[in-house]
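Everything on this sheet refers to the single structure shown next.
Order of the sequence lines fixes the chain letters, A, B, ..., with proteins taken first and strands second; residue numbering starts at 1 for each chain.
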Amino acid sequence: MTKPLLEVRNLVKHFPVRGGGFSFVRQQLKAVDDVSFTLLPGQTLGLVGESGCGKSTLGRALLRLQEPNSGQVFFEGRDILQMNRAELKAQRRDIQMIFQDPFASLSPRRTVAQTVREPLDVHDIGTSLERRKRVEELIELVGLRAAILNRYPHEFSGGQRQRIGIARALALNPKLIVADEPVSALDVSVQSQVLNLIKDLQLQLGVSFVFISHDLAVIQHISDVVAVMYLGRIVEQAEVSSLYASPKHPYTQALLSAVPAAHPAAGAKRIILSGDVPSPISPPSGCTFHPRCPAAQAKCQTTEPRQTTLHNGDYQRQFTCHYPLGS
Amino acid sequence: MTRPVLEVRDLAVEFDTENGRVRAVNNVSFSVNAGEVVGLVGESGCGKTVTGLSLLGLVPSPPGEVVNGEILLDGHDLLKLNEVGMRKIRGGEVSMIFQEPMTALNPVLTVGYQMTEVLRLHKSLSKRQARNAAIEMLGIVGIPVPSKRIDEYPHEMSGGMRQRVMIAMALSCGPKLLIADEPTTALDVTTQAQVLDEIVRLQHQFEMAVILITHDLGVVAQTCQRALVMYCGELVEAAPIDSLFASPRHPYTQGLIRSIPRIREHKIDRLPVIEGMVPDIAALPEGCHFADRCNRVQADCHERSPVLTPSAEAGAVACWHPLEPQHD
Ligand SMILES: Nc1ncnc2c1ncn2[C@@H]1O[C@H](COP(=O)(O)OP(=O)(O)OP(=O)(O)O)[C@@H](O)[C@H]1O
Ligand SMILES: Nc1ncnc2c1ncn2[C@@H]1O[C@H](COP(=O)(O)OP(=O)(O)O)[C@@H](O)[C@H]1O
Ligand code: SF4
Ligand code: SF4
Ligand SMILES: [Mg+2]
Ligand SMILES: [Mg+2]
């Protein structure tokens, strides 16, 4: 069996919040609640769920940009959560992050060259000449021309800015990139360009991604494994083709049917989830999805479902539901 | 015979920029029938929002200016109205909702306060009547316990909820025409599905016309009867939805249809894309503006600009070498 690149065990991130109304009682908001998954080298995990499900918090907790409360994050066998500052800084070379908003995530006062070079400067890698050559190499790798290196971010379109962000993330040859909704702010036509680029980079450089999105149409193209998140927990996890062909969790099925049809004739049998994701401060009893679940039965209100694991070669298929689909 | 609520003729809008005067909307003509949902689609920067804003006299001026055209609402030219006349139309007969509801809602005022303001401006209602009407409207757009939530501030609501409030405000005076500018682009897919469903349902209930602005033809497929495709400030194709999807005539429309994110039965290696990017409107190429990205380009495309020409199936296309119409 291949050794995992990343192994996350029972990761928890709670935020202390003040109770609602005039209450001053401290409560815990369970943004990430007992999350576990495994990622093999060179593979991509797609992390999907509605807004507020905890995807970004999970992404940040993996890199300790937000300190998790408990759990383990093994990167190449070493627990990131046990590292001291110096070890962590060294580790950051191997794990990079890309953000959703290509407008906010680049400094307006830095040229493209300065932006892409920054990680090389921070980690003091190479001579000045070597750094310049590396920057040119990176900018061409992401499909831009070296001629733009002295220009500023505001002169570029959303898709171009996202490419610049990707070039910077690649500067240190990372083994893993956590990409938080990297295409959600882009036009659909530009989304596809950026997704093709990321796919090329995966193949060419063997870099792994944790790719966060709320859109299963986007996740399918890029992922080897998909984890579906609801209210801080992973409710289904599977190899990409089996998840799309036969979702087990009703939430996965609802997310699949929420993708707009690509044709006016299609889209007859859509499941539209009613209401919002409930507050993670006081999640519903039993299965937390039960108030919105089209398949819910009496037991779902009272009893928390346990996780089922099916083995399938290198992959495991997991889901947490009393009444999984197709069984 | 359906009659148009709105007729736009030869609309042109310009802006003064660092790079000189640019034309953001050029020679745009279209009409919208009563009770019809029309999609206005195109990539970022192609002039959709400016078109929507000019229908309500909201183009910021300076730097912007409507330099040509007529905007006929039930036959009356809105461009001839003064600001007072325009203010009566806005939020009354025509209303608009925006992509990011936070920018349109005042963060320091409750939802209820903002809604009753609009109602009292357009209808002679007492405070109590306006409040009751607002609560009713919030219920209609699917906000649970509206009599409670009416006293909340915008930041206390989720993105989907805020967009529902915007819709409730826009509909509260029973407009004939609703302009919805990317109303779901900032939302996740489930909330998008909810909000689009709500717009379609309310459009039937209130028998109003809707112009739905979006960069995603998938959204159009799901909600509209007709679509207008825009590129570099100009309309390049107009057609009823079914023929547009079954048989796009403009290569740009075909590219947009192919780039709709969809779930596929089998994964493919590369997603189809429209190569390149939208040119800068301050430096538009000669001839057809799409020529640099077009897979059907020929020599003459670089020389002369194609004009929107009516074609079969009640559509129109601006292209020298359009795709053949498909019949099935
Ligand atoms: N206030 C302004 N000053 C100068 N130029 C402007 C202004 N508003 C819009 N423009 C220009 O007009 C063109 C069309 O803009 P518009 O916002 O209508 O496009 P859009 O299709 O709505 O794009 P997006 O999807 O990004 O909102 C763009 O090139 C834009 O830069
Ligand atoms: N710094 C914070 N303090 C309190 N609550 C937070 C903080 N960051 C995130 N949350 C809450 O955690 C939950 C998950 O948030 P987030 O990770 O941003 O979700 P997503 O990325 O899926 O939108 C939400 O309910 C959010 O309000
Ligand atoms: S456990 Fe019950 S409520 Fe939860 S997802 Fe399964 S069927 Fe739905
Ligand atoms: S006119 Fe020519 S370049 Fe323009 S869209 Fe048609 S074929 Fe393409
Ligand atoms: Mg997020
Ligand atoms: Mg716009």
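- Val277(A) does not touch chain B: none of its heavy atoms, backbone or side chain, sits under 4.5 Å away.
- Although no hydrogens or angles enter the test, the distance criterion places no donor-acceptor pair under 3.5 Å between the side chain of Gln192(B) and the main chain of Leu187(B).
- Within the 4.5 angstrom heavy-atom criterion, no atom of Ile219(A) approaches chain B.
- When heavy atoms are compared at a cutoff of 4.5 Å, Ser189(A) approaches chain B by way of both its backbone and its side chain.
- Ser247(B) places a side-chain N or O within 3.5 Å of a backbone atom of Gln326(B) that can act as its donor or acceptor partner.
- Other residues, nucleotides and ligands contribute more than 12 heavy atoms inside 6.0 Å of the NZ atom of Lys267(B).
- Within the 4.5 angstrom heavy-atom criterion, only side-chain atoms of Leu195(A), from C-beta onward, approach chain B.
- With a threshold of 4.5 angstrom between heavy atoms, Gln194(B) approaches chain A through its backbone and through its side chain.
- At distances below 3.5 Å, at least one donor-acceptor pair connects side-chain atoms of Ser259(B) with backbone N or O atoms of Leu256(B).
- For the set Ile260(B), Ile263(B), Val273(B), the count of heavy-atom pairs under 4.5 angstrom toward chain A peaks at Ile263(B).
- Looking at Asp280(B), neither its backbone nor its side chain comes within 4.5 Å of chain A, counting heavy atoms on both sides.
- Contact annotation for Arg258(B): neither backbone nor side-chain heavy atoms come within less than 4.5 Å of a heavy atom of chain A.
- Gln203(B) contributes a side-chain N or O that, together with a main-chain N or O of Gly35(B), makes up a donor-acceptor pair within less than 3.5 Å.
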